[in-house]
Amino acid sequence: MLLLAYVRNLELHCAYDAFTRAQDYGFKLSLTSCNPLLSALAKENKIGDVEYVYKEMIKRRIQPNLYTFNILINGLCRAGKLTKAEDVIEDMKAWGISPNVVTYNTLVDGYCKRGSAGKMYKAEAIMKEMLANKIYPNEVTFNTLIDGFCKDENVLAAKKTFEEMQMQGLKPNVVTYNSLINGLCNNDKLEEAVDLWDKMVDFGLKPNIVTYNALINGFCKKKMMKEATKVFDDITNQELVPNAITFNTMIDAYCKEGMMDEGFALCNSMLDEGIWPIVSTYNCLIAGLCRKRDLRAAKELLNEMENKGLKANVVTYNILIDGSCKDGKSRNAEKLLNEMFNLGLKSNHVTYNTLMDGYCMEGKLKAALNVRARMEKERKQPNVVTYNVLIKGYCKIGKLEAANGLLNEMLEKGLNPNRTTYDIVRLEMLEKGFIPDIEGHLYNISSMS
DNA sequence: CTAGGGTTAG
């Protein structure tokens, strides 16, 4: 039917439209069309639409099945609505449908994702719950946990999970090794990552492009460009093809090293390999030019990118805004914010925080507070970074009372100070002989790290 | 028709 065709062509607006009007047109909706639509909407992170379609299904007496619930849970997890996702488990049981290993794995993954850092205990709790329900963890469950622990900077727990998985008689696969190698690279354990690579090969597993990208990133983070290049060159020897991420990783590293020529050269060689640079490729280069305080070249590259049919995104503008701010031209940065607004691009927390930081560094607290007001008008609540930026701004101009006021405001809102907050408070406030009202909290902060 | 891995911004 029509709806399914739209979903296949990823014309979700049309699919959604067809869905809402199906009844008027006398179409009978069925599970075989609703589930793919839900799945596509979930993958596009359109959780509102997912929930709407689900509710309509129920209203129209289309019986959801296991897939429907798994898709729904996946969508809710992607949107960070984890408690709601957990509630769905109860809903499905009420429908007489038992959760399966995919259901639980999806939830475990929800708690393992970057956005929910520090929630690994919840992921482990879900795993216990699945065991209590006699659903047994598989490779995916363990891989998800390993990745979660790595992203939580807990490599030790990741390694223990790796052992545990083998004790349960499950064999680590390429994804397992990729997660762990990547985790080791991102947690300053490059040598162990290389050892694990060798081990993986010994076990007869072939590294794929993701493995290569992870290790290249590891060398790049250590500024070992020679080694990174060696790994990069090895890709083609293995009948593998580098992709845009491979190139982006290398290009970004060169740009961060200030080696712009090498970065541009790689960008050009992408085309020779038949790989098209993507927006993020340009973003790396634009960021490199901004670091060199060459805003003009950065803007020119933005134009060049757009001439090639690539549309700038929020990250592009965040980079340019940051570049202008660091160049001491926060007013120009605010013009960029307006420009992105006119282009219909949605700004995010990073955008506003960056601009506020720019004004604060220039000592223009009033302008920074105006940005905050603008952000709140967009219904974006200040986050920890917002407070860090403003607190640092007040410290810089010596208004410690005001800084302390913001500190307490943030605590009252239930926002958890992070390491940066602590550094600002300790360095900028305590050392100036000002005792913040939050001594108790400070103790908590220091014991946290 | 449902679950896991790699790059980029504050």
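Labels below follow one simple rule: chain letters A, B, ... track the order of the sequence lines, proteins then strands, and each chain is numbered from 1.
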Measuring to OP1 and OP2 of B/dG6, would you say a side-chain N or O of A/N182 lies under 4.0 angstrom away?
yes
Where along residues 234-249 of chain A does a heavy atom fall under 4.0 Å from DNA chain B?
A/N243, A/I245, A/N248, A/T249
Under a 3.5 Å distance rule, please check whether A/R293 uses its side chain to pair with a backbone N or O of A/C290 as donor and acceptor.
yes
Please work out if A/N313 contacts a base, only the sugar-phosphate, or nothing of the nucleic acid, heavy-atom cut-off 4.0 Å.
nothing
Do A/Y104 and A/Y136 have ring centroids that are under 6.0 Å from one another?
no
In this structure, how many angstroms lie between the C1' atom of B/dA9 and the CG atom of A/L320, rounded?
11 Å
With sequence neighbours left out, what residues match A/Y67 under ring-ring contact (aromatic ring centres under 6.0 Å, His included)?
none
Whether the side chain of A/N100 and the base of B/dA3 hold a donor-acceptor pair under 3.5 Å is what I'd like checked.
no
Residue-phosphate contact under 4.0 Å: A/K326 side-chain N/O, B/dA9 OP1/OP2:
no
Which pairs, with at least one residue in residues 312-323 of chain A and sequence neighbours excluded, count as a side chain to side chain donor-acceptor pair (under 3.5 Å)?
A/N283-A/N313, A/N283-A/T316, A/N313-A/T316, A/Y317-A/E339, A/N318-A/N348, A/N318-A/T351, A/D322-A/K326
Which pairs pass side chain to side chain donor-acceptor pair (under 3.5 Å) with one or both residues in residues 153-163 of chain A, sequence neighbours excluded?
A/K159-A/E192
When you measure from the side-chain N and O atoms of A/N217 to the phosphate of B/dT7, is any distance below 4.0 Å, counting only OP1 and OP2?
yes
Counting any heavy atom closer than 4.0 Å, what does A/I251 reach on the DNA or RNA strands: base, sugar-phosphate only, or nothing?
nothing
Could you go through residues 87-97 of chain A and list every donor-acceptor pair under 3.5 Å that involves a side-chain atom there, pairing it with any protein atom two or more places apart or in another chain?
none

Stretch residues 154-177 of chain A: residues that reach within less than 4.0 Å of DNA chain B through a heavy atom:
A/N173, A/V174, A/V175
Looking at A/S330, is its backbone amide N or carbonyl O close enough to the side chain of A/E362 to form a donor-acceptor pair, meaning the two atoms are under 3.5 Å apart?
yes
A/S280, nearest nucleotide to its side chain (from B/dT8, B/dG10, B/dG6)
B/dT8
For A/K256, report the nucleic acid contact type (base, sugar-phosphate, nothing); a contact means any heavy atom under 4.0 Å.
sugar-phosphate
Is it true that a side-chain atom of A/S39 and a backbone atom of A/N35 form a donor plus acceptor pair closer than 3.5 Å?
no
So, A/F232 versus A/Y212, ring centres under 6.0 angstrom or not?
no
Distance check: side-chain N/O of A/K151 vs OP1/OP2 of B/dG6, anything under 4.0 Å?
yes
